[in-house]
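The structure under discussion appears below in the form of structure tokens.
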There are 2 protein chains.
Amino acid sequence: MRPRFDLRHVECLLAVAEHGSFRRAARHLNVAQPALSRTVRNLEEALGVLLVARDRRRVTLTPAGQVFAEGGARLLAEAAELAHGTARAHKGLLGKLRIGYTDFAIAGVLPDIVNAFRTAFPDISATFTPSVTAQQIEALREGRIDAGFLTGPLELPFVETQEVQCDAVVALLPAEHPLAARAAVSLQELAEEPFVVGASEHWAHFLTHVMHLCQVAGFRPKVAQEAANSEAIVGLVAAGIGVTLSIESIARRPRHGVVMRPLAGEPYEISTLLAWRRGGQDPALRHLRDVAVSYWRDTSGA
Amino acid sequence: MRPRFDLRHVECLLAVAEHGSFRRAARHLNVAQPALSRTVRNLEEALGVLLVARDRRRVTLTPAGQVFAEGGARLLAEAAELAHGTARAHKGLLGKLRIGYTDFAIAGVLPDIVNAFRTAFPDISATFTPSVTAQQIEALREGRIDAGFLTGPLELPFVETQEVQCDAVVALLPAEHPLAARAAVSLQELAEEPFVVGASEHWAHFLTHVMHLCQVAGFRPKVAQEAANSEAIVGLVAAGIGVTLSIESIARRPRHGVVMRPLAGEPYEISTLLAWRRGGQDPALRHLRDVAVSYWRDTSGA
DNA sequence: GGGTGGCGATGCCGTCCTGCTATCATTTGC
DNA sequence: GCAAATGATAGCAGGACGGCATCGCCACCC
């Protein structure tokens with residue numbers, strides 16, 4: 001049941017209704033009067049309803065014409081708004097973004113970036129999904145998310161990235177651990193310690209960093225316990241199950257029973273990236289990237 | 001700021017979005033593929049926004065295209081609903097009526113008629129304005145109301161009428177009045193009584209009847225007090241100020257301190273009419289008239 | 001690996017819609 | 001009673017839209 005009339009017809013009828021005269025309405029619409037007469041006539045035939053009562057002296061709307069005029073005005077307004085909204089979407093001022101994020105990101109810069117983004121682009125509605133780096137990469141590839149805050153490094157043919165956060169790896173120890181008395185600890189000192197780590201099937205990205213660090217230090221960590229997320233890992237450390245390696249952003253959040261100690265020697269840094277599909281044209285996404293870039297420029301410069 | 005696109009464009013874009021392919025969409029729309037391609041292209045040019053991402057292999061909507069498609073679907077639905085509503089208005093199933101009514105009507109059949117009308121035509125919104133007969137005639141002439149329930153008789157070149165109610169004129173007396181003991185009273189017996197009547201500037205129609213009755217009975221009533229409406233008149237009678245003539249529909253509503261007595265002799269009847277402008281084409285109004293006619297047929301027959 | 005089928009874009013042509021000018025019938029207002 | 005204004009009608013021209021044939025491209029398949 002598609003409509004048999006067009007917005008042009010609606011405009012013409014509204015003009016006639018407003019001016020109460022075909023001629024004046026035609027002048028106002030910058031068309032000749034006969035054209036307007038015929039257009040209104042066509043509209044009436046399309047609807048099968050007489051809309052205008054032509055009294056030879058005065059033109060008024062029939063009751064059905066009034067109903068149509070009211071609805072038509074609404075229709076026109078919404079059409080104009082639609083055009084406007086589409087233009088705004090084109091400029092990236094309006095839209096939807098699906099964004100993934102890791103524990104590391106949410107503990108770090110993500111809130112600040114999102115705040116800045118929402119302030120600058122209030123009409124872009126973003127939905128956030130917590131998920132680890134590997135899952136975000138998959139979701140990016142399959143188009144289930146538009147962007148992800150995830151753990152670097154990342155070199156893939158179909159994604160582009162922008163660094164947004166840089167954390168030194170630090171040691172987290174139970175508060176009563178002997179090494180907690182030290183200002184800093186070296187990795188070698190942790191060689192024999194039981195480790196709490198993320199579950200390997202999901203935690204792969206950061207685990208790679210941890211394994212690499214330990215290997216350089218000459219040992220292979222003894223895994224005492226696996227956990228599902230950063231919150232759980234820190235909790236298990238607080239419980240005295242073992243030690244762990246984490247990043248500053250996580251460790252800065254004070255937690256009873258856990259102390260953070262920097263690693264001695266050259267700091268090893270973990271970057272958190274904003275990632276999106278390469279070549280993506282979504283203007284809203286570009287704006288998110290721009291906000292991330294300028295945020296990174298401001299904070300890394302300071 | 002009028003929209004530069006038409007509903008036809010919207011339909012085409014929605015079809016492309018739905019089928020994910022120009023060719024399939026074209027088949028579904030019963031047009032050739034090149035025509036569809038150009039229509040979508042024209043729409044994009046009209047909006048100045050790319051809506052469809054042509055990947056050579058797969059056709060998807062750009063973010064702006066998704067915004068437009070969502071709004072466009074709403075727009076089309078409302079356009080269809082508008083056409084439907086206009087057709088309903090044409091058939092008189094939808095519309096607005098402005099209706100005047102007198103005290104006599106609201107005390108009598110008006111509630112029943114309006115109930116039947118609202119049940120039969122729930123989408124016709126009626127607004128009711130209380131007003132005396134003379135004002136309703138003026139409002140009818142000037143088009144401020146579409147119909148009026150008023151006191152007959154009425155013979156005017158520009159109105160048509162339908163009788164809806166027929167009341168005998170009765171006497172209303174203070175309860176402690178000597179004549180209240182009688183089963184019926186004759187007009188002559190009221191010749192010397194003080195009368196409470198409606199204010200003459202507005203009450204002219206019914207007053208004419210009263211004066212006529214009294215004149216036939218051979219006297220001219222002594223007006224003790226004027227009042228603004230039936231409620232006030234009955235109240236003043238209850239207060240013992242005087243007697244009055246009224247109609248059964250008013251008098252049937254029991255009121256402390258007032259008694260109703262029929263007039264002796266041949267009953268004098270007052271008709272209440274539904275009146276509307278002659279030649280009016282409003283289908284909603286016709287339905288109101290039809291309801292009134294059938295109501296009158298049912299009640300006057302019974 | 002070349003053939004084949006499906007896709008969207010483009011060019012060309014016919015048709016219908018739309019708009020304009022000129023004119024008419026009717027009404028209004030002086 | 002005439003002039004001005006209004007809506008309807010007729011005839012004509014331009015443009016938009018749709019259809020057909022075709023092109024270039026890509027994926028799939030034997």
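Hydrogens, waters and symmetry mates play no part in the numbers below; they use all other heavy atoms, side chains included. Model, not experiment: these values are computed from the prediction.
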Applying salt bridge (Lys or Arg N to Asp or Glu O under 4.0 Å), can you list everything that pairs with A/E163, at least two apart in sequence or on another chain? none
Whole-Å distance separating the CG atom of A/L29 from the C1' atom of C/dC20: 15 Å
Counting side-chain heavy atoms from C-beta on, which of D/dC17, C/dA9, D/dT9 comes nearest to B/H9? D/dC17
With the threshold set at 4.0 Å, does a side-chain nitrogen-carboxylate oxygen contact exist between B/D6 and A/R8? no
Taking B/R38 first and then B/E45, would you say they form a salt bridge - that is, a charged N and a carboxylate O separated by under 4.0 Å? no
Whole-Å distance between C/dC17 P and A/R41 CZ? 15 Å
Distances for protein N/O vs nucleotides 18-23 of chain D N/O pairs under 3.5 angstrom?
from	atom 1	to	atom 2	distance (Å)
D/dG18	OP2	B/T39	OG1	3.3
D/dG18	N7	B/R38	NH2	2.4
D/dG19	OP2	B/A32	N	2.7

Nearest-Å distance for atom pair CD/P, residues A/E45 and D/dA8: 12 Å
Is any side-chain nitrogen or oxygen of B/S37 closer than 4.0 Å to OP1 or OP2 of C/dG8? no
Is any side-chain N or O of A/S21 closer than 4.0 Å to OP1 or OP2 of D/dG7? yes
A/R277 (side chain) donor-acceptor with A/I145 (main chain) under 3.5 angstrom: yes
In this structure, how many angstroms lie between the P atom of C/dT27 and the CZ atom of A/R54, rounded? 17 Å
Is the distance from OP1 or OP2 of D/dT6 to the nearest side-chain N or O of A/R24 less than 4.0 Å? yes
Taking the six-membered ring for Trp, is the centroid-to-centroid distance between B/F104 and B/F206 below 6.0 Å? yes
To the nearest angstrom, how far is B/D6 atom CG from D/dG15 atom P? 19 Å
Between C/dT18, D/dG7, C/dC7, which one does the side chain of A/N42 approach most closely? C/dT18
Salt bridge (Lys or Arg N to Asp or Glu O under 4.0 Å) partners of B/E138, counting only residues at least two apart: B/R141
